[in-house]
Amino acid sequence: MSSTSSTANRLTRSARIARAPRPAILQNTGESLQLAADVLVLGGGPAGTWAAIAATEAGARVVLADKGYCGTSGVAATAGVGHWLVPPDVAARDAEIFPREAQGGYLTDRTWTDAVLDEAWYRTELIPGWGYRPATTPPPRLFAQPGRRSFAGTAPDYLRFLRGRTKRGGATILDHSPALELLVDDDGHVSGARGYQRQAGRPWTVTAGAVVLATGGTTWKSHSLGGDVDTGEGHLMAAEVGAHLSSMEFSNFYGMVPLGTSMDKNGFFIAASYWDHHGDPITYRNLHESRAELLAASLRGTVTATFTQFPPEARARVRAGMPNFFMVVDKLGVDPFTDRFPIDWVQEGTVRGTGGVHVLDHDAATGVPGLYAAGDIAARDRIVGSATGAGGPNLAWAVATGTWAGRAAARDATTPAAPARLTPTGTHGLRAPRATASARGGDSWRDVVGVVQGQMHPIAKAAFRDEEGLAASGSLLDERWARPERLVPAAGTGSGEAIRTREAAGMLATARWVIAAARARTESRGMHTRVDHPRTDPAQTHRLLVGGLDETWVRPDPDLPVTGPVPAGAPGPADVKEAS
Amino acid sequence: MIEVLDPVRCTSCNICVRVCPTNVFDAVEGDIPVIARHSDCQTCFQCEAWCPADAIFVSPSRTPEPDGSPLRDGEALAARNLLGLYRDRVGWRRGTTSASENLPSTDDYHVWATPLPEGAPR
Ligand SMILES: Cc1cc2nc3c(=O)[nH]c(=O)nc-3n(C[C@H](O)[C@H](O)[C@H](O)COP(=O)(O)OP(=O)(O)OC[C@H]3O[C@@H](n4cnc5c(N)ncnc54)[C@H](O)[C@@H]3O)c2cc1C
Ligand code: SF4
Ligand code: SF4
């Protein structure tokens, strides 16, 4: 590209994007940073950046605070992500949605799926015009089918681009600034948040007319690719102000990796060949059916894999299509097309699982005034049910709910009160009733993290569940929850230590909701395998809502799934009607 | 996990300090950054992509490389041109050498790598 054309390109790009007004600086000293905005977005992955972009498009003053660096942080930034795009055409939608309803255990709601696909379709169409030019990917190819379009957000370009687009829209980005708790006004309206800037070493406070939670799912720090930043404190913050969750039993998707690595890019594993530790072949039918078989084989010994599906002439393209995966195997000296290489698994929790904060409508509202949720933190059960949203639906969900939340937050933002008039809402990990100096636990957050990981990570416990094991995990977690003073940061709520204690509290809270929901679903469905209830129970074809802090609760979602015709014999809403 | 920050190549630009999502590095006044919190590394390879000096090597292992591992030997890795490999592969290195390993991708691999369900229109 000549310098003239790139200058012209830059000019048209900046001319096209209107800049929203800047947030106001209330205080900016060595002691603290205080800003006032209309919309505060917590988390800067795809959901957070799309939310911030939508809010600035509506003219709102926006602050986006990320725990890490917006542009590298989160799962999508480092994984590279395809988006599920289906044109707004009835036949095309039916062809895509029907099979996914079966995979999702008929828990889905196609009115939601349609709305998500509509939004993702129109929003992603804007990206090329915004100047997205990834280093290794020319504009996405058009599919042979007329009217089809695809969009691959390559790593690490896509999130770097979304960061730039967010800033060009006028949002202020705070990096290395994890949120620790929400602030509410006297009416209980969520009016901002506070956190800690770990590199600047000072607390931050942002008052805002509305807050969008986009802090990702949680993997309980399994070292999956890019996942350790997502530790569930966003879910806890939502629950502390009265939000509840949904489908937390579907929180146990495992990503396959070359043994010992973090590289859980699974696109090419889907049609690979597998052998068990004796060298006997394992048939892998698809992502949803054969998972349990492979996971179980891994419990008996190391499984090996080869990408036999690609003929030699296809391999260069395949390598180019997933540079991060092939960088890893090249460093290990493995040729995945010809070698049988060992694999294992990393827990992907609610990232490639489904559960999260229950959003109520197409504003991604949580039901708590002033609070919205987008992306992995929001339960996407209505579009994927009991199945993973890997390979596209998750990003359609992030783009759509991010857009909805950002737009609605900008529309409904009220004028926030001054910081001093707002009440902080953080509990576990920040404050406790009997937290005398001597009762505080030093680094007992490490113990809590270890106990949570011990329940949530092992395949034997989390992929294959039974009442006895779930009850045992539940009581270990409840014991930790009952001693909140051990998670109070000795250095105070505005300190780097508070990040550790708050993360531990978020991991603990989400794990307890998982256990509660997994105990209540006394059947096997999708990724939820109960060895003591191996069959799918047609009478449980509903989603489960879950919530509560000291006392957790679970109840069926009164909003029933909305699916197409359910084939005879398949468990689905039709059977529910017969049964009741 | 990150295993090598080459002190010879490093220009102290502190980009890695800024971009690491888990805050593994600390900037040092007048010196190169230090790997201050190795155990927080999530093996995401971002620093290797962003480092403009090809000074970083992230081992694929999600646990630390043991003593004596070749994937901790900075000099040997540099000699094999493996520092900054990821930057090269994603096309962020200027004057990229290994063209065959760096083909442009024109496909959304998630769509074509997933077998369509039986009976679905192709
Ligand atoms: C290997 C892999 C490949 C994938 N491929 C695909 C794919 O091809 N297609 C698809 O649809 N989906 C895919 N997914 C899933 C997809 O990446 C996620 O659904 C998506 O990243 C969700 O976006 P998000 O913004 O909600 O969360 P994230 O991208 O995880 O971002 C969350 C952000 O919140 C920040 N944060 C966390 N806590 C706080 C806090 N307390 N305060 C402030 N900020 C905080 C984090 O730093 C992070 O930046 C893949 C997942 C994996 C693991
Ligand atoms: S990014 Fe590279 S050159 Fe810059 S400080 Fe880090 S290691 Fe050194
Ligand atoms: S690999 Fe990722 S987490 Fe580890 S040091 Fe580099 S940027 Fe940080």
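Letters go in sequence order (proteins before strands), and every chain restarts at 1. Everything quoted here is computed from the prediction, not taken from an experiment. Note: hydrogens, waters and symmetry copies are ignored here, and every other heavy atom, side chains too, is used.
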* Please flag which part of B:Cys47 lies under 4.5 Å from any non-hydrogen atom of chain A: side chain, backbone, both or neither. =>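 No part of B:Cys47 comes within 4.5 Å of chain A.
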Side-chain donor or acceptor of [X] paired with backbone N/O of [Y] under 3.5 Å:
X        : Y        : answer
B:Gln42  : A:Ser222 : no
B:Arg89  : A:Pro323 : no
A:Thr261 : B:Pro60  : no

* Atom CZ of B:Arg80 with >12 non-hydrogen neighbours under 6.0 angstrom ->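 Incorrect, the count does not exceed 12.
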* Would a 4.5 Å heavy-atom cut-off, applied to side chains only, mark B:Arg62 and A:Val346 as touching? ->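 B:Arg62 reaches A:Val346 side chain to side chain.
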* Asked: Any side-chain heavy atom of A:Thr72 sitting closer than 4.5 Å to one from B:Trp50?
  -> yes
Which bit of [X] is near chain B, if near means a heavy-atom gap under 4.5 Å: side chain, backbone, both or neither?
X        : value
A:Arg500 : side chain
A:His223 : both
A:Ala155 : both
A:Val257 : side chain
A:Asp264 : neither
A:Ala91  : neither

Looking at [options], which one has more heavy-atom pairs under 4.5 Å with chain B than the rest?
options                              : value
A:Ser73, A:Gly226, A:Gly74, A:Pro156 : A:Pro156
A:Asp66, A:Thr78, A:Leu225           : A:Thr78
A:Gln309, A:Met263, A:Gln199         : A:Gln199

* Asked: For B:Phe57, is the NZ or CZ atom of A:Lys331 found under 6.0 angstrom from the centre of its six-membered ring and inside 45 degrees of the ring axis?
  -> yes
Working to the nearest 0.5 angstrom, can you tell me the gap between [X] [atom1] and [Y] [atom2]?
X        : Y        : atom1 : atom2 : value
B:Arg18  : A:His176 : CZ    : NE2   : 9.0 Å
A:Leu259 : B:Ser61  : CG    : OG    : 9.0 Å
B:Leu85  : A:Phe326 : CG    : CZ    : 13.0 Å

* Asked: Which atom pair, heavy atoms only, marks the closest approach of B:Val19 to A:Tyr69?
  ->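 For B:Val19 versus A:Tyr69, the nearest heavy atoms are O-CB, 3.7 Å.
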* **Stepwise side chain to side chain contact (heavy atoms under 4.5 Å, CB included) test for A:Asn324 and B:Tyr86** => CA-CA 7 Å; A:Asn324 49 9; B:Tyr86 188 39; 3.5 Å; yes
* Structure fact -> Greatest number of non-hydrogen atom pairs under 4.5 angstrom with chain A, of B:Leu82, B:Leu77, B:Asn23, B:Thr43, falls to B:Asn23
